[in-house]
Undergrad: 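I have a structure I would like to understand better, so I am pasting it below and will then ask my questions one at a time.
Per chain, numbering begins at 1; letters A, B, ... match sequence-line order.
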Protein chains: 2
Amino acid sequence: MVDADTYWPAELFADLDRTGPVPLYFQVSSRLEAAIHSGAIPAGGRLENEIAIGQRLGLSRPTIRRAIQELVDKGLLVRRRGIGTQVVQGQVTRAVELTSLYEDLKNSSHVPATRVLGHDVVPASEIVAQSLGLSVGDDVVFVRRQRSTDGVPVAVLENYLPLEFADITREQLEEHGLYEIMRARGVTIRVAKQKIGARSARGDEGELLDIDSNGPVLTMERVAFDDSGRACEYGHHCYRPDLYSFETTLVAK
Amino acid sequence: MVDADTYWPAELFADLDRTGPVPLYFQVSSRLEAAIHSGAIPAGGRLENEIAIGQRLGLSRPTIRRAIQELVDKGLLVRRRGIGTQVVQGQVTRAVELTSLYEDLKNSSHVPATRVLGHDVVPASEIVAQSLGLSVGDDVVFVRRQRSTDGVPVAVLENYLPLEFADITREQLEEHGLYEIMRARGVTIRVAKQKIGARSARGDEGELLDIDSNGPVLTMERVAFDDSGRACEYGHHCYRPDLYSFETTLVAK
DNA sequence: AAGTGGTCTAGACCACAAC
DNA sequence: TTGTGGTCTAGACCACTTA
């Protein structure tokens, strides 16, 4: 059953809960992910086949398949037909991350803060109207914030929201994230489409980010959609590039 | 069966092929995607429930579920328990894209070109060694290229590869993409972990990109893994920010 | 109460890779 | 030939939403 070159830390899977609200596939995948991150299943290590794992845990093959698929989609595992399932050598990214100052800030107990620079109802420009599915000139809520971490400014955030959010207060914006405020009002973000780029700072951005007035900034433009597929936020953000970067994992289809 | 407010362009699903190599769930999801992009199922429109669709097509519910899940993962559909499945208002992103010069270049019949700036075997630095899972000082292949589109330089690409790729020729690099060359040698990229950021141009980058010598550049650092989970490429690229940006779609778990 | 998606089962057949 | 993952079926029960 257990080849010399396959790994299965059975002790991690002793306490599956069939009665609680947590799906079985999620219990399996999260324990498997922990086993990979802890090194109990090393980089390059092979897993048993899906049916054997299922018998071992008393679960059906589709449930095991789904658990494994979750980690394939995260880029932690690789599956090949006729071969088996192996752990990706993913430890390296941690080392890469450590080279940036942002990670130092992030790993230390950082204190985020928000300063509200603007908070108005304005007519929608063409790009805002298109993004939110409105007409040019329709009223929208405009919010401009400066985000800091441990007292160091890291981003200038400009957001446009539908008029239903007109009663959001300055105090709310200073103490909570925008998505947090929206969720408290029953609006949950489900999908976001983003464009990441770079340009020179302009206007007061250099001053607000404490960098050269025309120094480089990292930019992110985003349209977010809620539960029902309705566009409910358009944002244009710029970040201090020495303190912020975007990390993604891509998996070939 | 067909509510006034659900959509199902049955004619698009008349020719499912049960004998060919294309999975049924893929045939369904790709036709569904086409129906959404064409507007046959409009933004905000609702789909029938999964079981009804299955009966309509003579397929089981899990197969239909998987087809729908593909499009949920792409950010085209949203599902809610007790409610149903709806199309996300995603058309807006196309409008956003059109605002960038990059898209203009991309939509015109663009001609990509590659100039090889450097092509050597060098000892691995610490970051290269960590990324590729080697030891500092081990020999690796280093490639530096300038990528142009329609004669306009858009990127400077620096890549480090394991020594097994030492026999790649300058001519191959000028006529094919790096992944294309690797695939022809039996190495398929399956997972990539990348970090996107910004900084000022340095060294000869400004000259190579035809921008100010210290102007802003968009950067991408990447480690790619093959079929077996082995790291097989480390790259550090920089892009002209007025000609290039990264677009992603995020879906809440 | 009725309808929806979320989860789970216990099989089956197939394509592909290795021996 | 054997073992692997890839696909597919025909049900089942549940949680959640709306009416």
Undergrad: Checking salt bridge (Lys or Arg N to Asp or Glu O under 4.0 Å) for the pair R145(A)/E174(A): CA distance, chi angles, key distance, verdict?
TA: CA-CA 9 Å; R145(A) 295 167 293 166; E174(A) 279 169 348; over 6 Å; no
Undergrad: Just how far, in rounded Å, is P of dA17(C) from CD of Q86(A)?
TA: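 Whole-Å distance recorded here is 14 Å.
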Undergrad: What is the distance, rounded to the nearest whole Å, between atom CD1 of I83(A) and atom C1' of dA18(C)?
TA: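 Distance check: I83(A) CD1 to dA18(C) C1' gives 7 Å.
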Undergrad: Can any side-chain N or O of R190(B) pair as donor or acceptor with the backbone N or O of R79(A) at less than 3.5 Å?
TA: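 Yes, R190(B) side chain to R79(A) backbone: donor-acceptor pair under 3.5 Å.
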Undergrad: With the side chain of E50(B) defined as its heavy atoms from C-beta on, choose the nearest nucleotide among dG6(C), dA10(D), dG5(D).
TA: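 For the E50(B) side chain, the nearest candidate turns out to be dG6(C).
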Undergrad: Look at the side chain of T63(B) and the backbone N and O of L59(B), then say whether any donor-acceptor pair between them is shorter than 3.5 Å.
TA: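 Not confirmed, T63(B) side chain does not pair with L59(B) backbone.
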Undergrad: To check you understand the geometry: which heavy-atom pair defines the closest contact between C232(B) and F225(B), and what is its length?
TA: SG-C, 4.1 Å
Undergrad: Between R66(A) (CZ) and dT7(C) (C1'), how many Å, whole number?
TA: 7 Å
Undergrad: Please check: side-chain N/O of S135(A) versus main-chain N/O of D138(A), any donor-acceptor pairing under 3.5 Å?
TA: no
Undergrad: Is N49(A) near enough to dT4(D) that one of its side-chain N or O atoms lies under 4.0 angstrom from OP1 or OP2?
TA: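 Yes, such a contact exists.
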Undergrad: In whole Å, I'd like the distance from the CG atom of L57(B) to the P atom of dT9(D).
TA: 11 Å
Undergrad: DNA chain C: R81(A) or G58(A), which has the more 5' nearest nucleotide?
TA: G58(A)
Undergrad: With sugar-phosphate meaning primed atoms plus P, OP1 and OP2, does R65(A) contact a base, only sugar-phosphate, or nothing at under 4.0 Å between heavy atoms?
TA: base
Undergrad: Would you kindly give the CD-to-P distance between Q69(A) and dG5(D), to the nearest whole Å?
TA: 12 Å
Undergrad: Near DNA chain D, under 4.0 Å by heavy atom, which residues of residues 16-33 of chain A?
TA: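 Those residues: none at all.
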Undergrad: I68(B) CD1 to dG5(C) C1': how many Å, rounded?
TA: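 About 9 Å, once rounded to whole Å.
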Undergrad: Without decimals, in angstroms, what is the distance between I51(A) CD1 and dC14(C) C1'?
TA: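 It works out to 13 Å between those atoms.
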Undergrad: Record whether the side chain of R61(B) comes under 3.5 Å of the base of dG6(C) through a donor-acceptor pair of N or O atoms.
TA: yes
Undergrad: Measure across D226(B) and V78(A) and return the closest heavy-atom pair with its distance rounded to 0.1 Å.
TA: O-CG2, 4.4 Å
Undergrad: Tell me the interatomic distance from I53(A), atom CD1, to dA10(C), atom P, rounded to whole angstroms.
TA: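 So the CD1-P distance, I53(A) to dA10(C), works out to 17 Å.
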Undergrad: Of all the nucleotides listed (dT9(C), dT9(D), dT7(C)), which has the minimum atom distance to the side chain of L59(B)?
TA: dT9(D)
Undergrad: Within the structure, does a side-chain N or O atom of R80(A) lie under 4.0 Å from either OP1 or OP2 of dA17(C)?
TA: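 False: R80(A) side-chain N/O out of range (4.0 Å or more) of dA17(C) OP1/OP2.
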Undergrad: Is the backbone of D17(B) close enough, under 3.5 Å, to the side chain of Q27(B) for a donor and an acceptor to pair up by distance?
TA: yes
Undergrad: Specify the angle, to 10°, made by the local axes at the two ends of the helix from dA1(C)-dT18(D) to dA18(C)-dT1(D) when five pairs are taken at each end.
TA: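 About 10° separates the two local helix axes.
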Undergrad: Which heavy-atom pair separates T114(B) from R147(B) by the least distance, and what is that distance?
TA: OG1-NE, 3.0 Å
Undergrad: I'd like to know whether E233(A) forms a side-chain hydrogen bond (donor to acceptor under 3.5 Å, both in side chains) with N159(A), so could you lay out the CA-CA distance, the side-chain angles of the two residues, the decisive distance to 0.1 Å, and finally the verdict.
TA: CA-CA 7 Å; E233(A) 184 232 346; N159(A) 289 91; 2.4 Å; yes
Undergrad: I want to confirm an ordering. Mapping P62(B) and L47(B) to their closest nucleotides on DNA chain C, which one lands closer to the 5' end?
TA: L47(B)
Undergrad: Does T63(B) place a side-chain N or O at less than 4.0 Å from the phosphate oxygens OP1/OP2 of dT9(D)?
TA: yes
Undergrad: Can you tell me if H237(A) uses its side chain to pair, donor with acceptor, with the backbone of R222(A) under 3.5 Å?
TA: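 Not at all, since once roles are kept as given, no pair shorter than 3.5 Å links the two residues.
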Undergrad: Return no unless some side-chain N or O of T85(A) is found under 4.0 Å from OP1 or OP2 of dT4(D).
TA: no
